[in-house]
J.: 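Encoded as structure tokens, here's the structure I'll be asking about.
Basis for what follows: all heavy atoms, side chains included, without hydrogens, waters or symmetry-related copies. Proteins get letters first, then strands, A, B, ... in listed order; numbering begins at 1 in each.
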Amino acid sequence: MRHLAAIAGLRDAYDLVIVGAGPAGMVAAATASGRGISVLVVDEAPMPGGQIYRAVAGTRLPRHLLGRDYRHGGKLVQAFSESEADYLPEASVWHLDETRTVGISLWGEARLIAAQQVILATGAIERPMPIAGWTLPGVIAAGGAQSLLKASGLVPSGRTVLAGMGPLLWLLAAQYIAAGAAPALILDTTPQVNRRHAARHLAGFLLSPYATKGLRLIARVRRRVRVLSTVEELSIGPVEAGLRVTFRRGRQIEDTRADTVLIHQGVAPNLNLAAAAGCALEWNEAQACWQPQVDLWGGSSVAGIAIAGDGAGIVGAEAAAARGELAALEALRALQAITAAERGRLAVAPRTRLRRFARGRAFLDALYRPSRAMRLPAPEALACRCEEVTGRQLADTVRELEVVGPNQLKAFLRCGMGPCQGRFCGATVTEAIAAARGVSPAEIGYMRLRSPVKPITLAELAAMPSSEADRHAVVRG
Amino acid sequence: MSEAEFDAIVVGGGLVGAAVAYGLACHALRVAILDEDDTAWRASRGNFALVWVQSKGLGMPRYAAWTKLSSDIWADFAAELRDASGIDVAHSRPGGFTLALSEQELEQRRQTLHRLHNQPDMVPYPYEFVDRAQLRQVFPQIGPEVVGASFCPLDGHVNSLRLFRALHTAFARLGGRYLPRHRVDDIAHRDGEFRVTAAGRSFAAARVVLAAGNGNRRLAPMVGLEAPVRPQRGQVIVTERAAPFLTHPIVTLRQTDEGGIMIGDSLEEAGFDTRLGLGVLGTMASRAVRMFPVLGRLNVVRSWAALRVMTPDGFPIYDQSADAPGAFLCTCHSGVTLAAVHAGKVAPMIAAGVLSPDLAPFSAYRFGVPAAA
Amino acid sequence: MFRRLPEAAGPPVSFTIDGQPAVGTEGDTVAAALLAYRIREFRTTPVTGARRGPFCLMGVCFDCLVAIDGLASRQACLVPLREGMRVETRQGKREPGR
């Protein structure tokens, strides 16, 4: 792997550009290596690993603290370092289109790179959890808190409350316990009805790699931390020198004080780059989230652009790695570095792994599907963090102006116009419109996304190449 | 009157349609807006929010007068809208500039404005050229390449997204019916009434107003009119919110009341293609940074491309059908600037059933199209 | 608000927060260093002036914006801490040129 120190080190064109150095991206790069094609991996973080294996190669924390799954990431980083890919860390990808022109920015300098094939491995981001107070300082996404632990060995001081649902919440609690920083309380919002739905898939789960590990972990946490289950409503408010979390279980309303509140209700594909490139999206009803449409090889609706890993649909780290491998194999075939027959042969192992790690997901998906009430914004909550639009404003506007889609809503209320570009409000907006109209989110669609997918400066944009026709379109009498 | 009967049906819920519909509703007409769905072409989402007079009307002085009229009544229109909707659209008229980045550009501008203001029957209004020193008084951070500018005190701007929401909100509060996902398939005229078919339903109305932007081309012949419109792509860049910096709008660069800086404007004949062109965006960004170098570090958070609705000469079309009396056509590419006259002048004409002879120059007849189907 | 586990101690990195001297650890992002320094409010929003701190810590929420070495609107969770960095909090609407 050739670690590039500056954007000038990039070639003008690569056979394969991989966006993201998490499990899918790293494995894709390692797979594509040594086949005579040029590969570039671009990633925002300073080290490979993505979110799940954040800082795995650099963490100073002892092995036992973060768990065996995390350490597995070290092997992927090793294989990636031994690959022949060019690697540009700390860089953002702000543009991708159907011509496979990739816009990259590093330290205030932007460049356009041509790619024959692109694999987007942008992973997942936290689901929005639009409860009142979720924007208060001291309220942090559990996944973000986990990054602080992995990369910097930081744990919350004072009284910590975890609120929400999902495997990550349990894992983080277990990691904090191992570090001697057990949270004071876990407010579990897993809906009661989910247990019934998940029970249908119990057999598959019990046979899966997740079962024993997961059940043991939860038991360990429950022994050490007070857990209140079937929490149906949550809100957070500021109080003198801290926060107050108010919650409802059944008809009972209680509150508790906290210095730090870590919230989480699952993850969703980070699909902004794919969508801005024109890749079609679809609504995943089982997981209640949006994802790009992909085929068996990760191929999107745009030729030459594939999506691998959690960015294509939430499947977990091990399955993500398998998908990265499959997408790379298809890219190799498309670049004629391997034949279709070779691709088929080499795909057997990752497909087997994919099947193995898909088993049990149905159970997890059903169990950890947030309730509709928790996906919709509370009236006083900010539905859109960037533009500070409340759930009430959203609901009132949808109703009064008969809004049928998120783009119309964006024009009316600016949701999606802030720097996060809908990452934390896109799903909420669509759900709110769907709920008001009594239809599935699939019928409403997702807001339209465009470049720049990550911010670039005007000066960077000004330096982009332009043609005579471009100038003629702008400079007129 | 049954559920599907109206005094007027406005086809198109963009800035033109919404302004006309609001104006009609103000006259106590029972109005329905039939609109397409969320992903339609929607020129209104792509505008630059200028309420602009300077340099309009070269080739049709009547248009300059029409534009000036709208600009003059815009403040009252904004106040009225605020009362009707509760939404302040942040209209201001501080005067606007067109900056020149070279002597050649400045000279070209002089010639254009000279020709414009020397047209016979041209409505007189103040404008002037300012030099670099004068510009620096208004814009202390103006870039070294800016040699001068034309200035017109009648130019202003508005928060166009709030304008759009205000029009729809006021319309709804006045009892207007807004029907999205109702793309019009057919309009028939029989026994002095119009039957509009959309989304498998039938609506009756005494008047029909075609305000469907590029969709008018398809609809106009149904009522014996022609709408020779074509899409023309324009791209816009928006930056993160900045502290107040630009006190006056510039024709290609303005700061919204919320702080974001908008940069336009491009003109491309690209059919119905709304993809972004980085070369065009880059050129616009480059000119903006040359005008104000301090802008270079601002982050671009958004950009878009939208399709203007362009006529052969760039001027609006206002028409009424001779074949199907009660059918009207309204189209333009300055839906923000003309919103005031659309609501305050055109809508009353439509309510009364006939366009004023003042608007005759705007008929599509000027293109030599047949007046009757 | 966050404390460092003793096992994670590493080479110190000196920097300043709003002009005051501070110390972080090698490998920290600016956001991590600020949180370790008990700073949980990083900015005020340009919309209402509301106070915000980091939320996602992975570069997608844009709530952790601070000025670093005179350049505003930097995502603190993406910038590795370096010796001598000048970090300034409380940016609301950005001053052009800064």
Side-chain angles (χ1 to χ4, degrees), chain A residues 94-95 97-99 101 103 108 110 112 276 278 386-387 397 399-414 416-421 433 444-445 447-452 454-477, chain B residues 35 37-39 42 44-45 101 105 108-109 111-112 161-162 164-165 168-169 172-173 177-181 233 235 237-240 252 258 260-261 263-268 275-290 293 295-305:
Chain A
W94 54 273
H95 175 85
D97 59 45
E98 79 284 353
T99 68
T101 301
L112 297 178
C386 298
E387 298 291 327
T397 302
R399 193 191 56 248
E400 188 171 22
L401 301 185
E402 310 254 7
V403 178
V404 289
N407 297 295
Q408 184 91 329
L409 200 287
K410 190 195 283 190
F412 283 144
L413 289 181
R414 305 186 60 84
M417 287 190 172
C420 98
Q421 289 209 345
I433 297 170
I444 299 297
M447 50 177 68
R448 183 158 187 199
L449 297 169
R450 310 273 222 157
S451 302
K454 281 290 180 113
I456 57 167
T457 66
L458 272 176
E460 286 179 272
L461 192 53
M464 288 296 101
S466 60
S467 67
E468 196 53 49
D470 294 329
R471 281 188 286 282
H472 185 71
V474 176
V475 190
R476 310 175 308 275
Chain B
D35 207 4
D37 73 10
D38 195 48
T39 52
R42 301 219 174 270
S44 290
R45 290 196 197 138
L101 282 171
E105 276 183 29
Q108 211 168 353
R109 188 100 192 112
Q111 287 179 15
T112 301
L161 292 181
R162 285 221 289 282
F164 187 54
R165 180 157 64 102
H168 274 271
T169 302
R173 291 187 187 176
R177 282 295 322 272
Y178 173 69
L179 294 155
R181 294 189 166 174
R233 187 167 70 194
Q235 301 188 51
I237 297 165
V238 186
T239 71
E240 61 186 311
T252 55
E258 287 146 341
I261 298 198
I263 297 161
D265 83 292
S266 67
L267 228 85
E268 298 163 279
R275 283 174 305 174
L276 294 173
L278 290 180
V280 167
L281 293 178
T283 305
M284 296 192 313
S286 171
R287 286 181 66 83
V289 173
R290 285 163 68 198
L295 293 180
R297 289 170 140 194
L298 283 185
N299 282 312
V300 174
V301 295
R302 214 159 79 247
S303 67
W304 69 77

J.: CE of A:Met417 to CG of B:Leu161: how many Å apart, nearest 0.5 Å?
T.: 4.5 Å
J.: Side chain, backbone, both or neither: which part of B:Thr252 has an atom under 4.5 Å from a heavy atom of chain A?
T.: neither
J.: Checking heavy atoms, do the side chain of A:Leu449, its backbone, both or neither come under 4.5 Å from chain B?
T.: neither
J.: If the plane angle is over 60° it's perpendicular, under 30° parallel, otherwise tilted; pick one for A:Phe412 and B:Phe164.
T.: parallel
J.: Taking side chain as everything from C-beta outward and backbone as N, CA, C, O, which of these in B:Ile261 sits under 4.5 Å from a heavy atom of chain A? Side chain, backbone, both or neither.
T.: neither
J.: Heavy-atom distances under 4.5 Å only: say whether A:His472 touches chain B with side chain, backbone, both or neither.
T.: neither
J.: Using a cut-off of under 4.5 Å on heavy-atom pairs, state which of B:Arg233, B:Gln235, B:Glu240, B:Met284 scores highest against chain A.
T.: B:Met284
J.: Which atoms of B:Arg42 come close to chain A, meaning under 4.5 Å heavy atom to heavy atom: side chain ones, backbone ones, both, or neither?
T.: side chain
J.: So, taking the atom named CD in A:Gln408 and the one named CD1 in A:Ile444, what distance separates them when rounded to the nearest 0.5 Å?
T.: 12.0 Å
J.: Please flag which part of B:Val300 lies under 4.5 Å from any non-hydrogen atom of chain A: side chain, backbone, both or neither.
T.: both
J.: Need one label for A:Pro419: side chain, backbone, both or neither, based on atoms under 4.5 Å from any heavy atom in chain B.
T.: both
J.: Side chains of B:Arg297 and A:Thr457 only: does a donor on one sit below 3.5 Å from an acceptor on the other?
T.: no
J.: Who wins among A:Pro455, A:Pro465, A:Gly103 for the most heavy-atom pairs under 4.5 Å with chain B?
T.: A:Pro455
J.: Of the backbone (N, CA, C, O) and the side chain (C-beta and beyond), which part of B:Leu101 lies under 4.5 Å from a heavy atom of chain A, both, or neither?
T.: neither
J.: Looking at B:Glu105, B:Arg275, B:Gln111, which one has more heavy-atom pairs under 4.5 Å with chain A than the rest?
T.: B:Arg275
J.: Return the option, out of A:Glu402, A:Arg450, A:Met464, A:Lys454, with the maximum number of heavy-atom pairs under 4.5 Å with chain B.
T.: A:Arg450
J.: Report which part of B:Ser303 has an atom under 4.5 Å of a heavy atom belonging to chain A: side chain, backbone, both, or neither.
T.: both
J.: For A:Asn407 and A:Arg448, work out which heavy atoms get closest and say how close.
T.: OD1-N, 2.8 Å
J.: Measure the spacing between NE2 of A:His95 and OG1 of A:Thr101 and express it to the nearest 0.5 Å.
T.: 5.5 Å
J.: Can you measure from OG (B:Ser286) to CZ (A:Arg471) and round to the nearest 0.5 angstrom?
T.: 9.5 Å
J.: Give me the atom names and distance for the closest heavy-atom approach of A:Val404 to B:Asp38.
T.: CG2-N, 4.1 Å
J.: When only pairs under 4.5 Å are counted, which of B:Leu278, B:Thr239, B:Val289, B:Leu281 shares the most heavy-atom pairs with chain A?
T.: B:Leu278
J.: Against chain B, label A:Ser467 side chain, backbone, both or neither, depending on which of its atoms sit under 4.5 Å from a heavy atom there.
T.: neither
J.: Any non-hydrogen side-chain atom of B:Arg162 less than 4.5 Å from a side-chain atom of B:Glu258?
T.: yes
J.: Rounded to the nearest 0.5 Å, what separates atom NZ in A:Lys410 from atom CD in A:Glu387?
T.: 10.5 Å
